[in-house]
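Below is one structure, written out as structure tokens; comments come after it.
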Amino acid sequence: MNKFFVIYEKLFRTYRPQGWWPILSLAGKKGFDADGYHKGSYDYPWNEQQRFEIILGAILTQNTSWKNVEKSLKVLQEKDLLSAENMEALSERKLASLIKSSGYFNQKAKKIKAMIAFLKSKKPITRDNLLSIWGVGPETADSILLYAYHKPVFVIDAYTRRIFSRIGLCKADVRYEELQQMFHKDLEKNVELFNEYHALIVEHAKAHCRTKPDCEKCPLLSLCKYGRRLKPDLD
DNA sequence: TCCCAGGGGCCGA
DNA sequence: TCGGCCCATGGG
């Protein structure tokens, strides 16, 4: 039995489609809710501006809650700065002041500037090329590849390590590429599946598998090593 | 007041 | 290669 897919199905049945990656500039439009989520649809042919918005979000959300990122994106949207062309003219200092709510604003302004320079270079959007950009690590690169460019790469984050190490499928400090390989090996390389699965992992980490876990009504309790240790009377 | 959030760069061992 | 530190706001 393919454990990774079983877990996906349990999460999907519990939390339903998550509508990732949210596109704020399309919020309220047909197929998009008030926060830009598009539940059950994965194959929007993002144009350059929408891709850029996803890339911005991927950088701004580094170690930061999405709510704080939304605030920054709204500020940028109001100033018509959700395009690489318009943002390029902005000074790094000014950009930093506009994305304050996302935290690490000096670093992130520098990262966004580096990303814009890369996009302008017209180099191919490959994982290696993305990783060569200052401020882009494996999670950010894979988020961009999956959600902006529809490439079938599984995104690993701190939540993925936490959930799957508690379940007992990997160590808590498993290397990024190692855990990613486990997903790639066990799952069909499918963009929609990878899109939804990662989003469901984030939702599950917020709903139950928090730093201090709430195992009581966890949908994965029956197959989780950690949860079963807390509830030995499960069988 | 403290902890955590959809990480990544840098530096010294 | 790996651990430790830095970056910083905002919500619970």
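This is a predicted model, so every value here is computed, not measured. Every chain is numbered from 1 and lettered A, B, ... according to where its sequence line falls, protein lines coming before strand lines.
If you check every strand for non-hydrogen atoms under 4.0 Å, Val155(A) touches nothing.
Atom-to-atom, NZ of Lys206(A) to C1' of dC3(B) comes out at 16 Å; the value is rounded to the nearest Å. Taking atom OH of residue Tyr176(A) and atom C1' of nucleotide dT1(C), one finds them 19 Å apart after rounding to whole Å. Rounded to an integer number of Å, the gap from Lys108(A) NZ to dC6(C) P is 18 Å. The CZ-P distance, from Phe105(A) to dG10(C), rounds to 9 Å in whole Å. One can place CD of Glu139(A) at 12 Å from P of dA5(B), the figure rounded to the nearest angstrom. Here dG7(B) presents its P atom at 14 Å from CD of Gln107(A), a figure rounded to the nearest Å. Spacing between atom CG of Leu60(A) and atom P of dA5(B) amounts to 18 Å, rounded to whole angstrom units. Atom CG of Asn68(A) is separated from atom C1' of dT9(C) by 6 Å (rounded to the nearest Å).
Separating the C1' atom of dC2(B) from that of dA8(C) is a span of 16 Å, rounded to the nearest Å. Comparing dC5(C) with dC3(B), their P atoms are spaced 15 Å from each other, to the whole Å. Distance check on atom P: dG10(C) versus dG8(B) gives 22 Å, rounded to whole Å.
Between Trp21(A) and the options Tyr37(A), Trp66(A), Tyr149(A), a ring-ring contact (aromatic ring centres under 6.0 Å, His included) holds for only Trp66(A).
Of the two residues contacting DNA chain C, namely Lys71(A) and Thr64(A), the nearest-nucleotide position lying further toward the 5' end is that of Thr64(A). Comparing Ile133(A) and Trp66(A) along DNA chain B, the residue whose closest nucleotide (by nearest heavy atom) sits nearer the 5' end is Trp66(A).
Asn63(A) contributes a side-chain N or O that forms a donor-acceptor pair with the base of dG7(B) under 3.5 Å.
Using cut-offs of 30° and 60° for the angle between ring planes, the Phe4(A) and Phe164(A) rings count as parallel.
An OP1 or OP2 oxygen of dG6(B) is reached within less than 4.0 angstrom by no side-chain nitrogen or oxygen of Trp21(A).
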